[in-house]
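Scroll down for the structure; my scribbles are underneath it.
As the structure lists them, so they are numbered: ligands from 1, and atoms in each ligand from 1. Given the structure is predicted, the values throughout are model-derived calculations rather than measurements.
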Amino acid sequence: MKRKLVFFSGAGISAESGISTFRDSSGLWEHYNIEDVATPEAWNTNTDLVSDFYNQRRKQVIQSEPNSAHKLIATLENEFYVNVITQNIDDLHERAGSKNVLHLHGNIRLAKSSGPKQEEKFYPIDGWELTVNDKCTEGFRLRPHVVWFGEQVPALNDAAKIIQEADILVVIGTSLQVYPAAGLVHLAPDNCKCYVIDPNVDDFEIPSNFVNIKSKASDGMRELIKRILD
Ligand SMILES: NC(=O)c1ccc[n+]([C@@H]2O[C@H](COP(=O)([O-])OP(=O)(O)OC[C@H]3O[C@@H](n4cnc5c(N)ncnc54)[C@H](O)[C@@H]3O)[C@@H](O)[C@H]2O)c1
């Protein structure tokens with residue numbers, strides 16, 4: 001039977017595809033305040049600014065391509081039963097060929113209703129722009145399918161179950177600063193082999209049971225594959 005290999009990815013895995021991370025010195029938060037663009041309050045008070053922010057992010061995602069780290073993860077489906085849990089709102093894992101991708105913080109290629117009922121109904125966005133004229137079936141304006149700060153993370157329980165059954169857990173390209181998602185990595189079972197791939201993380205910053213592969217995502221994936229296939 002194939003072993004269960006779980007990837008927990010963050011913005012760093014898409015950095016080599018040209019998509020900015022949030023917390024690096026050149027990251028997005030250098031140019032925007034969280035409160036201005038990534039909260040329900042911002043949407044309610046400054047809808048057009050928030051909509052434009054995500055339109056620009058979507059345009060960048062559409063123009064980007066999966067890099068070798070995304071692709072290597074997809075190829076590992078030949079050897080393992082692979083689950084990807086991503087904090088990213090881009091769709092580069094799917095476009096690289098990964099079949100089991102769980103988005104914790106939403107998917108920027110989808111929209112949902114901004115109406116009072118938070119139903120799990122998603123509308124694919126054709127192209128990069130969501131406009132004031134895009135409405136749900138009940139007539140409310142569509143908003144990006146992104147989990148904003150202060151909102152529930154509906155996929156959290158599903159993610160927890162996947163990590164609790166992992167044989168190998170690989171945390172790749174995330175600063176583990178955004179909760180509750182970051183807390184998930186502590187749920188790996190005792191016999192699970194755990195790795196971190198990140199060029200900027202030091203040993204003292206990660207739990208002692210994690211192996212630190214201190215590299216960019218693509219180089220780190222090549223190193224990981226040597227270790228887990230041996
Ligand atoms: N691509 C996206 O969809 C995207 C982009 C930016 C932010 N976000 C959102 O931002 C939130 C922030 O959390 P986060 O931890 O994902 O991002 P983060 O910006 O907080 O952390 C990024 C991490 O990636 C590392 N990193 C930088 N370059 C790397 C590379 N080439 N290879 C591997 N690692 C690299 C950094 O050292 C850092 O630890 C998430 O919820 C996510 O939804 C998503």
Minimum heavy-atom distance between [X] and [Y], given as atom pair plus value:
X: Ser68; Y: Arg222; answer: OG-NH1, 3.7 Å
X: Trp128; Y: Asn55; answer: O-OD1, 3.4 Å
X: Lys112; Y: Tyr123; answer: CA-CD1, 4.2 Å
X: Gly127; Y: Arg58; answer: O-CD, 3.7 Å

Counting from 1, what ligand 1 atoms have a heavy atom of [X] closer than 4.0 Å?
X: His105; result: 40 (C), 41 (O), 43 (O)
X: Ile19; result: 1 (N)
X: Asp90; result: 1 (N), 2 (C), 3 (O)
X: Ser20; result: 5 (C), 6 (C)
X: Ile89; result: 2 (C), 3 (O)

Nitrogen or oxygen of [X] less than 3.5 angstrom from that of ligand 1:
X: Ala11; answer: yes
X: Asn200; answer: yes
X: Ala15; answer: no
X: Gln87; answer: yes
X: Lys216; answer: no
X: Gly173; answer: yes
X: Gly12; answer: yes
X: Gly10; answer: no

Task: Parallel, tilted or perpendicular: ring planes of Trp148 versus Tyr54, cut at 30 and 60 degrees - done: tilted

Task: Where at least one partner belongs to residues 204-213, residue pairs that pass side chain to side chain donor-acceptor pair (under 3.5 Å), sequence neighbours excluded - done: Asp203-Asn212

Is the backbone N or O of [Y] less than 3.5 Å from a side-chain atom of [X], with the two atoms forming a donor-acceptor pair by type?
X: Asp52; Y: Leu49; value: no
X: Ser17; Y: Ser64; value: no
X: Glu151; Y: Pro40; value: no

Which donor-acceptor pairs under 3.5 Å do side chains of residues 171-191 form with protein atoms, sequence neighbours excluded?
| residue | atom | partner | partner atom | Å |
| --- | --- | --- | --- | --- |
| Thr174 | OG1 | Gln87 | NE2 | 2.9 |
| Thr174 | OG1 | Leu176 | N | 3.1 |
| Gln177 | NE2 | Ser175 | O | 3.3 |

Task: Pick from Ile172, Asn88, Ile213, Thr21: the one approaching atom 4 (C) of ligand 1 most closely through a non-hydrogen atom - done: Asn88

- [ ] May I ask whether Glu16 places a heavy atom under 4.0 Å from ligand 1?
- [x] yes

